[in-house]
Amino acid sequence: MTIPTAHLDQEIARRRTFAIISHPDAGKTTITEKLLLYGGAIQEAGSVTAKEGRSHTKSDWMSIEQQRGISISSSALTFEYAGRHVNLLDTPGHQDFSEDTYRTLTAADSALMVLDAARGVQTQTEKLFAVCRNRGIPILTFVNKMDRPAQDPFDLLSQVENTLKITAVPLTWPIGDGPDFKGVYDLQTGQVLAFERTSGGKHRAPMQTAGLDDPRLVDLVGSDLAAKLREDVELIQGAMPEFDPAAFLAGELTPVFFGSAMNNFGVEHFLANFVDLAPPPGPVETNLGERDPDAPFAGFVFKLQANMSKQHRDRTAFMRVMSGHFERGMDVTHTRTGRKLRLSQAHTLFAQDREKVEEAYPGDIVGLVNPGVFQIGDVVSVDPKVTLPSFPRFTPETFATLALKDVGKRKAFMKGLTQLAEEGVVQVFYPTDGARDPYLGAVGPLQFEVFQARLAEEYGVDVELHVTSYQLVRWLAGDAGSVARFARHVEDDQGRPVMLFRSKYDLDYTAEQHPEIEFLPLPRDL
Ligand code: GDP
């Protein structure tokens, strides 16, 4: 069935697909819960299961996640707000960053950066910010935990500007902090949004408004805070750049909001602004040039996940629709292999729940059953020739050797190793002399623990892991003969020769001794 273009355009225009980036503990989970509350997807924040059993706020489906209180999977939460269809991509929030998080960011059209008002910009935020920056997507900022003693808001803005090199323009301004936090002033409308604490932040917070000159302002916030607010606003209006939507869309300026997610301070106000400011899906760079969202159907796979739950031991490929109208059961081409596929097994997923998807539009995330055909970056489309030029991969920085405890389990081990590597849980490097077990490469050491736990739980295989002193991997390039003479018996999972180094010094020294070889941080064809 083809749908009228006007309808397609309308659906595209109302899509908002974004991800939250933050340092662990800044409040990502709490904000997610509140956004869902305002989006009507759940009735009471903090409840794990919604009324109809449809929405979960945490994707704690793996025991390691429960043990450590972290979420490792990435999937999408969907809700409607003010006529917009919002897709919030769930990114893992643990300290170690993994390829998985990065890949999820490739499916987002904008990002919300959550900062802890006392801590400001933290390491993990910086790393994730850099990924968004590289992609040029617009970034909004929410300064959370204003109900706790906070840094001076002017200092926070300077910190954002200095460490992240992005212009920070406040759209709201906090009135007080810690026990004196009274709400925020909307710099665009001139209204004061005064919030009352609600028990445990469970229900929608009531809201009163008054202008800066409203005599009730003093009643609302007290004379000291009212005077301070007038002073601050004067300073902002005199000294700060105005909000420039074009600079925001180009990723050069971030609008900043203040609030307290736990107390529902400022979250709905942020959401109302977000759906207006954040962009709908735009064109995607493909081998055939830019593909507009209203082109015929195409989607790309940004994440693979095996064994989503005990009930469903299958593999899922998460696809983001990049153009056109997706319908369950449609015939498409898997463009890397040219294979024809019927997309009959499609669903949205969150935690253990799965709902059948009948149709989807650009920006939406669809889980496809993956019988082993999909790789990250693959395209499915009604146009058989569309592919993506490249998909980001990340250079591992920590390496472990691995020994199988029960050699009788070799077959299950190889299956687990292949599937988990395919998902990007770890990268695998094989010694070519066949004498030893492979090396695992990861961006952060938690990836090893996840690998080990999942191998045991999902494949019944116990392995011992030993973190090595290697710190760098380089792919070898140059003339085939030189590379073959030089190669030191390790290759990646595609058979490309690599070399592991213990230090930057080792690498530099080797590179100096062998000017005929290029040492690349990623394989050349990626
Ligand atoms: P995440 O690790 O970024 O997902 O952070 P969480 O949402 O789990 O929050 C971390 C901790 O901070 C939890 O104990 C939250 O209850 C608490 N928290 C979140 N938002 C606020 C807030 O606005 N004020 C205060 N005081 N605590 C908050």
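Below, all heavy atoms of this structure are taken into account, side chains as well, without hydrogens, waters or symmetry copies. Remember, it's 1-based here, ligands and their atoms both numbered in the order they're listed. Numbers here simply count residues along the sequence, with the first being 1.
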Option nearest [atom] (shortest heavy-atom distance, choices [options]):
atom                    : options                      : result
atom 8 (O) of ligand 1  : Thr29, Val143, Val267        : Thr29
atom 7 (O) of ligand 1  : Asp116, Val114, Thr30        : Thr30
atom 28 (C) of ligand 1 : His23, Gln124, Glu33, Met262 : Met262

Exercise. What do you reckon, does Asn144 put a non-hydrogen atom under 4.0 Å from ligand 1?
Worked result: yes
Decide whether an N or O pair under 3.5 Å exists between [X] and ligand 1.
X      : answer
Ser260 : yes
Gly27  : yes
Gly259 : no
Pro24  : no

Exercise. Taking the inter-plane angle between the rings of Phe258 and Trp173 on a 0 to 90° scale, is it parallel (under 30°), tilted (30 to 60°) or perpendicular (over 60°)?
Worked result: perpendicular
Exercise. Aromatic rings Phe429 and Phe399: how do their planes relate, parallel, tilted or perpendicular, breaks at 30° and 60°?
Worked result: tilted
Distance-only polar pair, side chains of [X] and [Y], donor-acceptor under 3.5 Å:
X      : Y      : value
Asn87  : Asp364 : yes
Asp186 : Thr172 : no
Thr401 : Thr468 : no
Tyr459 : Gln419 : yes

For this session: Answer with side chain, backbone, both or neither: which part of Lys28 has a heavy atom less than 4.0 angstrom from an atom of ligand 1?
Result: both
Exercise. Is the shortest heavy-atom distance from the side chain of Arg15 to the side chain of Tyr361 under 4.5 Å?
Worked result: yes
